[in-house]
K.L.:
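I have a structure here, written as structure tokens, and I will follow up with some questions on it.
What's counted below: heavy atoms across the whole structure, side chains too, no hydrogens, waters or symmetry copies. Throughout, residue positions are numbered sequentially from 1 according to the sequence presented.
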Amino acid sequence: MLQAINQNGQKVILFNKSDQEIEKLKNSKYSFICPVCKGKVYLRSGKRVIPHFVHYSIKTCDSMDRGESVYHDQGKMMLYRWLVHQQLSVKLEPYLQTIRQRPDILLTIGRKRIAIEYQCSPISPAVIKARNDGYRSLGIFPIWIIGAKHFQRKSRYKLYISSFIQSLIHQFSPTSSPLLFFFCPYTCRVITVQDLYMITNRMILGKITDYNLSQVSFIQLFYEKTFSSKELYSIWHKEKHSFRTRQRGRLSKRELNWHRWLYEKRLHLHSLPSIIHLPISSQYIMRVSLWNWQSRWVIERFIPRQNGEIIQLHHRSLRSEMYQQQDFSLIYHFSELIDPLYQYLQILNQLKIVKEISATTFIKLSDIDFPTTIEEAIAADKKVIRQLQKQNKSMFP
């Protein structure tokens with residue numbers, strides 16, 4: 001905790017103090033109390049410790065349920081100073097009595113209040129949702145920034161993610177790009193990852209932008225940066241090649257079941273049609289991998305249909321394979337998000353395999369080919385990717 005109340009009822013904020021002032025406070029006979037529970041606290045500081053207040057006794061206090069660390073406290077202070085420097089109306093660790101919550105930072109821009117949570121340790125989607133529900137009950141807009149120690153970049157556009165990070169994806173409208181925020185207090189870097197496409201359940205493709213904290217404003221973090229069709233499908237071409245050719249190690253139960261399903265259908269990775277394993281922006285709400293649900297739908301639902309036959313979509317056609325709304329409490333208008341199957345059919349529409357009649361109705365236009373060798377499969381993948389690169393990405397939802 002970075003602030004407390006002194007014996008005169010005045011708020012004492014430590015990061016505004018010099019080393020000499022902190023040492024003086026520490027060695028004084030002044031008493032301090034927690035601004036939340038009113039219990040007695042004392043000042044702790046040292047060469048390896050950021051000055052902070054600690055409760056004398058172990059007790060239940062709403063300020064003690066966060067498991068804060070030096071990394072967290074330092075980042076919180078830096079973010080607060082960054083916002084103050086922009087002459088924004090900002091409060092550090094305000095206690096919101098009616099919901100018994102204490103955001104790291106409370107920011108006010110015009111009539112909008114924004115709670116900023118700097119989250120450095122994994123917590124469950126249920127805890128995230130509970131906090132967000134509390135803020136929204138007061139008309140406060142929550143933004144979560146993840147400690148960059150969880151930022152594990154594989155390449156220029158690829159990032160390893162955990163279920164914790166996945167639960168902190170923001171999407172402010174059904175048409176806006178999903179994004180993540182990271183911050184590192186040691187390097188003073190803030191990172192946004194936008195225009196997200198799940199490659200596997202633990203790897204994501206996105207437009208990664210790395211800013212020096214002192215050279216970016218709060219508002220600039222929300223400027224959309226997205227892939228062009230050429231960029232996206234150039235990257236995805238490599239993913240499809242890897243999907244076809246890489247050696248599989250130990251398989252998860254779900255992957256093993258999928259491979260068994262392929263075997264039962266007398267199929268192999270190299271014989272799957274090239275329209276399987278195409279990028280979908282809403283894939284992050286799916287429990288199963290792209291190739292899993294796309295292959296099952298193509299083989300079991302699409303191929304048996306005759307050319308000219310109607311394909312009727314039902315709301316949330318893949319509902320059983322999706323996460324629940326409570327797992328993504330930072331996705332605004334979750335119920336209005338476009339069905340991943342609809343997005344997939346939009347791509348098939350661009351490839352002239354189906355024709356869209358309405359948002360729920362498509363017509364099958366042509367059959368699809370099954371490659372017989374890996375060389376045929378790779379050539380067919382290349383052809384499909386080139387077709388999609390020529391499309392305007394704005395055509396896709």
Side-chain angles (χ1 to χ4, degrees), residues 1-6 8-26 32 34-36 41 43-45 49-53 62-63 66 68-97 99 101-120 131-132 134-135 138-149 168 170 172 179-192 209-223:
M1 186 166 53
L2 301 179
Q3 55 186 311
I5 307 297
N6 65 18
N8 298 320
Q10 299 171 323
K11 185 179 290 186
V12 178
I13 301 176
L14 294 177
F15 73 82
N16 288 331
K17 307 293 184 184
S18 66
D19 291 343
Q20 292 78 10
E21 289 174 317
I22 288 173
E23 195 63 26
K24 184 177 180 181
L25 283 172
K26 185 177 179 180
F32 303 96
C34 171
V36 176
V41 295
L43 197 165
R44 177 183 289 170
S45 66
V49 178
I50 289 179
H52 64 286
F53 290 103
D62 292 332
S63 71
R66 303 168 66 93
E68 295 179 358
S69 63
V70 172
Y71 183 93
H72 174 271
D73 281 346
Q74 186 174 345
K76 178 168 53 178
M77 287 191 299
M78 293 175 71
L79 290 170
Y80 175 80
R81 287 170 174 162
W82 170 62
L83 294 168
V84 169
H85 183 72
Q86 296 171 62
Q87 299 183 333
L88 297 172
S89 176
V90 58
K91 295 179 181 178
L92 179 69
E93 299 179 335
Y95 183 61
L96 307 177
Q97 181 68 45
I99 59 172
Q101 289 179 221
R102 182 173 60 93
D104 290 319
I105 296 168
L106 186 63
L107 174 65
T108 302
I109 300 177
R111 295 184 178 181
K112 179 172 285 187
R113 289 196 297 168
I114 301 167
I116 297 178
E117 292 277 10
Y118 180 49
Q119 192 63 40
C120 298
R131 290 190 194 173
N132 288 336
Y135 294 137
L138 298 181
I140 298 173
F141 194 87
I143 298 290
W144 292 66
I145 301 175
I146 306 166
K149 63 184 180 181
L168 292 177
H170 298 68
F172 303 116
L179 75 160
L180 291 161
F181 303 96
F182 295 87
F183 175 63
C184 178
Y186 298 157
T187 61
C188 299
R189 312 296 294 187
V190 59
I191 302 164
T192 62
T209 309
D210 186 339
Y211 302 96
N212 185 308
L213 188 64
S214 64
Q215 296 175 358
V216 65
S217 70
F218 178 72
I219 299 301
Q220 285 176 310
L221 297 183
F222 300 87
Y223 291 173

K.L.:
What is the minimum heavy-atom distance between Arg113 and Leu138, and which atoms define it?
P.N.:
NH2-O, 3.2 Å
K.L.:
For the atom pair CZ (Phe172) and CG (Leu179), what is the distance rounded to the nearest 0.5 Å?
P.N.:
5.5 Å
K.L.:
So Thr108 and Val90, do their side chains get closer than 4.5 Å, heavy atoms only?
P.N.:
no
K.L.:
Parallel, tilted or perpendicular: which fits the ring planes of Phe222 and Phe218, with parallel below 30° and perpendicular above 60°?
P.N.:
perpendicular
K.L.:
Any donor and acceptor pair, going by atom type alone, linking the side chain of His170 with main-chain N or O of Trp144 inside 3.5 Å?
P.N.:
yes
K.L.:
I'd like to check Ile145 versus Phe182 (side-chain heavy atoms, cut-off strictly below 4.5 Å). Are they in contact?
P.N.:
no
K.L.:
Return the CG to OG1 distance between Asp210 and Thr187, rounded to the nearest 0.5 Å.
P.N.:
7.0 Å
K.L.:
Should Lys76 and Arg81 count as side-chain neighbours, where that means a heavy-atom distance under 4.5 Å?
P.N.:
no
K.L.:
Assess the residue pair Leu107 and Leu88 against the criterion (side chain to side chain contact (heavy atoms under 4.5 Å, CB included)); give the C-alpha distance rounded to whole Å, side-chain angles, the decisive distance to 0.1 Å, and a yes or no.
P.N.:
CA-CA 7 Å; Leu107 174 65; Leu88 297 172; 3.6 Å; yes
K.L.:
Val190 and Leu79: side chain to side chain contact (heavy atoms under 4.5 Å, CB included), yes or no, with the steps?
P.N.:
CA-CA 10 Å; Val190 59; Leu79 290 170; 5.8 Å; no
K.L.:
Find the distance between CG (Leu106) and CD (Gln101) and round it off to the nearest 0.5 Å.
P.N.:
11.5 Å
K.L.:
Please lay out, stage by stage, how Leu83 and Ile116 fare under the test side chain to side chain contact (heavy atoms under 4.5 Å, CB included).
P.N.:
CA-CA 11 Å; Leu83 294 168; Ile116 297 178; 3.8 Å; yes
K.L.:
So which heavy atom on Leu96 is nearest to which on Pro103, and how close?
P.N.:
CD1-CD, 3.9 Å
K.L.:
Which atoms form the tightest heavy-atom contact between Pro142 and Asn132, and what is the distance?
P.N.:
CB-OD1, 3.2 Å
K.L.:
For the CD atom of Glu117 and the CD1 atom of Ile146, what is their distance to the nearest 0.5 Å?
P.N.:
12.5 Å
K.L.:
Verify, without hydrogens or angle tests, whether Tyr80 (side chain) and Asp104 (backbone) share a donor-acceptor contact under 3.5 angstrom.
P.N.:
no
K.L.:
For the residue pair Tyr118 and His72, categorise the inter-ring angle as parallel (less than 30°), tilted (30 to 60°) or perpendicular (more than 60°).
P.N.:
parallel
K.L.:
Closer than 3.5 angstrom, by distance alone: can the side chain of Gln215 be matched with the main-chain N or O of Tyr211 as a donor-acceptor pair?
P.N.:
no
K.L.:
Heavy atoms only: give me the nearest Leu180-Leu168 pair and the separation to one decimal.
P.N.:
CD2-O, 3.5 Å
K.L.:
So, for Phe183 and Arg189, which heavy atoms are closest and what is the spacing to 0.1 Å?
P.N.:
CD1-O, 3.1 Å
K.L.:
To the nearest 0.5 angstrom, please state how far the CD1 atom of Ile140 sits from the NZ atom of Lys112.
P.N.:
12.5 Å
K.L.:
For residues Phe181 and Ile191, determine if any side-chain heavy atom of one lies less than 4.5 Å from a side-chain heavy atom of the other.
P.N.:
no
K.L.:
Can a donor-acceptor pair be found, under 3.5 Å and without considering hydrogens, that links the side chain of Gln220 to the backbone of Ser217?
P.N.:
yes
K.L.:
How long is the span from the SG atom in Cys188 to the CE atom in Met78, to the nearest 0.5 Å?
P.N.:
3.0 Å
K.L.:
On a heavy-atom basis, which atom in Tyr71 and which in Cys120 lie closest, and how many Å separate them?
P.N.:
CD2-SG, 3.6 Å
